[in-house]
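Basis for what follows: all heavy atoms, side chains included, without hydrogens, waters or symmetry-related copies. Indexing begins at 1, ligand by ligand and atom by atom, following the structure's order. Being a predicted model, the structure only gives us computed values, none of them experimental.
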Amino acid sequence: MGGYFISFEGIDGSGKSTQARMLAATLAADGHAVRATREPGGSPGAEEIRRLVLEGDPDRWSPETEILLFTAARRDHLERVIAPALEAGEVVICDRFADSTRMYQGLRAPGLRAIVDQLHALMIGREPDLTFIIDMDPEKGLARARGRAGHEERFEDFGTELQARMRLGFLDLAEEFSHRCVVVDGDRPPEDVAAEVARIARERLHG
Ligand code: ADP
Ligand code: TYD
């Protein structure tokens, strides 16, 4: 029995972390062995790269360098955490994965999306079995994200215009990868979003 790989995607403040946490608790209560993790990060090496990439000046890295850093972090995370958990038959729930690189780096200039996909094919070569795209109005998402204290602000600093492009990009991605992506309306009470997410995850896991 192989495991099952679920990712959460969406703009900053859409509620991914909240929903990932709630689904992990639900599936664990159902009796699944659940491994909850996140990107960038999820393994000690990848968490070090997270600090490099999320702290500091917004112009610190070019989008090309970011593609390399996020993919390096993902490779370590995949090798050391995700792949072993899947081999052990666990349900892996990951807060962001490669779709975030397709959006946050791939949409920043013409041609970058193709580079993200090439590097992904070369170094990662694995997609989630199921991806929840939490859809959210960018203004509301950003207001939510800003409500959290912290110094990981590089991408949030890009503001609502980039967030609006990301939102449309994520909806396009859901059509491009329609076999694994499900769009969920995030502008509802967390429990309502979680109920829909749990229903879909159970259907896919057991159906
Ligand atoms: P993300 O991981 O997508 O950035 P979070 O889950 O961290 O989003 O949520 C961002 C903020 O919004 C948190 O303070 C969280 O408590 C709050 N939040 C999450 N989901 C909802 C929701 N459905 N309605 C209102 N607030 C929410
Ligand atoms: P995250 O901690 O999930 O932020 P949030 O909870 O605000 O959504 O991710 C941190 C930032 O990293 C977020 O702004 C998106 C960005 N990011 C990329 O630019 N590329 C990537 O490949 C990943 C995984 C994240």
Response to the item:
Restricting to heavy atoms, the pick from Phe8, Phe70, Tyr104 nearest atom 25 (C) of ligand 2 would be Phe70
Item to complete: Applying salt bridge (charged side-chain N to carboxylate O under 4.0 Å, His left out), run through Arg202 and Asp30 and close with a yes or a no.
Response: CA-CA 9 Å; Arg202 284 172 171 147; Asp30 285 354; 2.8 Å; yes
Response to the item:
Heavy-atom proximity to atom 2 (O) of ligand 2, picking from Arg38, Arg50, Glu9, points to Arg50
Fill in: atom 4 (O) of ligand 1: nearest protein contact (heavy atom, Å)
Gly13 N, 2.8 Å
Item to complete: Given salt bridge (charged side-chain N to carboxylate O under 4.0 Å, His left out), test Arg38 with Glu47 step by step and report yes or no.
Response: CA-CA 10 Å; Arg38 69 158 180 187; Glu47 291 287 336; 2.8 Å; yes
Discussion item. Any nitrogen or oxygen of Asp12, side chain or backbone, less than 3.5 Å from one on ligand 1?
Written reply: no
Worksheet entry | Criterion salt bridge (charged side-chain N to carboxylate O under 4.0 Å, His left out) on Arg167 and Asp135, from CA distance to verdict | CA-CA 7 Å; Arg167 180 200 199 173; Asp135 185 45; 2.9 Å; yes
Fill in: Close-contact set for ligand 1 against Lys16 heavy atoms, below 4.0 Å
1 (P), 2 (O), 3 (O), 4 (O), 6 (O), 8 (O)
Worksheet item: Going through the distances and angles, do Thr131 and Leu173 end up as a side-chain contact (heavy atoms from CB on, under 4.5 Å)?
Response: CA-CA 10 Å; Thr131 297; Leu173 211 66; over 6 Å; no
Practice prompt. Could you find the nearest protein heavy atom to atom 20 (N) of ligand 1 and give me its residue, atom name and distance?
Written response: Arg144 NH1, 3.7 Å
Worksheet entry | ligand 2 contact on Lys16 by region, counting heavy-atom pairs under 4.0 Å | side chain
Worksheet item: Same hydrophobic cluster for Leu205 and Ile93, using side-chain heavy-atom links shorter than 4.5 Å among ILVMFWY?
Response: yes
Discussion item. In the structure I gave you, are the side-chain heavy atoms of Leu68 and Leu119 within less than 4.5 Å of one another anywhere?
Written reply: yes
Item to complete: May I ask you to decide if Ile11's main-chain N or O and Lys16's side chain share a donor-acceptor pair within less than 3.5 Å?
Response: yes
Worksheet item: What residue and atom, counting heavy atoms only, is the protein's closest point to atom 9 (O) of ligand 1, and at what distance?
Response: Thr18 OG1, 3.8 Å
Worksheet item: Counting from 1, what ligand 2 atoms have a heavy atom of Thr101 closer than 4.0 Å?
Response: 21 (C), 22 (O)
Practice prompt. Give me the one residue out of His77, Arg96, Arg50 that meets side chain to side chain donor-acceptor pair (under 3.5 Å) with Glu39.
Written response: His77
Discussion item. Show me which atoms of ligand 1 lie under 4.0 Å from any heavy atom of Gly186.
Written reply: 23 (N)
Response to the item:
At under 4.0 Å between heavy atoms, what of Val53 touches ligand 2? The answer is neither
Worksheet item: So which protein heavy atom does atom 14 (O) of ligand 1 come closest to, and at what separation?
Response: Arg148 CG, 4.1 Å
Discussion item. Using a plain distance cutoff, I'd like to know if Gly15 has any nitrogen or oxygen under 3.5 Å from a nitrogen or oxygen of ligand 1.
Written reply: yes
Worksheet item: What pair of heavy atoms forms the shortest contact from Ser7 to Phe97, and how long is it?
Response: CB-CB, 4.2 Å
Practice prompt. Output yes when Lys140 and Asp187 qualify as a salt bridge under the 4.0 Å nitrogen-oxygen rule, no when they do not.
Written response: yes
Response to the item:
The protein heavy atom nearest to atom 2 (O) of ligand 1 is Ser17 OG, 2.5 Å
Discussion item. Tell me which one of Glu176, Glu9, Glu127 satisfies salt bridge (Lys or Arg N to Asp or Glu O under 4.0 Å) with Arg102.
Written reply: Glu127
Discussion item. Any heavy atom of Gly10 closer to ligand 1 than 4.0 angstrom?
Written reply: no
Worksheet item: Purely on distance, is any nitrogen or oxygen of Arg74 under 3.5 Å from one on ligand 2?
Response: yes
Worksheet item: Just which atoms of ligand 2 are under 4.0 Å from any heavy atom in Gln105?
Response: 18 (C), 19 (O), 20 (N), 21 (C), 22 (O)
Worksheet item: How many angstroms lie between atom CG of Asp172 and atom CD1 of Ile133, to the nearest 0.5 angstrom?
Response: 10.0 Å
Worksheet item: Side chain, backbone, both or neither: which part of Arg188 comes within less than 4.0 Å of ligand 1 when only heavy atoms are counted?
Response: backbone
Discussion item. Is atom 25 (C) of ligand 1 touching the protein, meaning some protein heavy atom lies under 4.0 Å away?
Written reply: yes
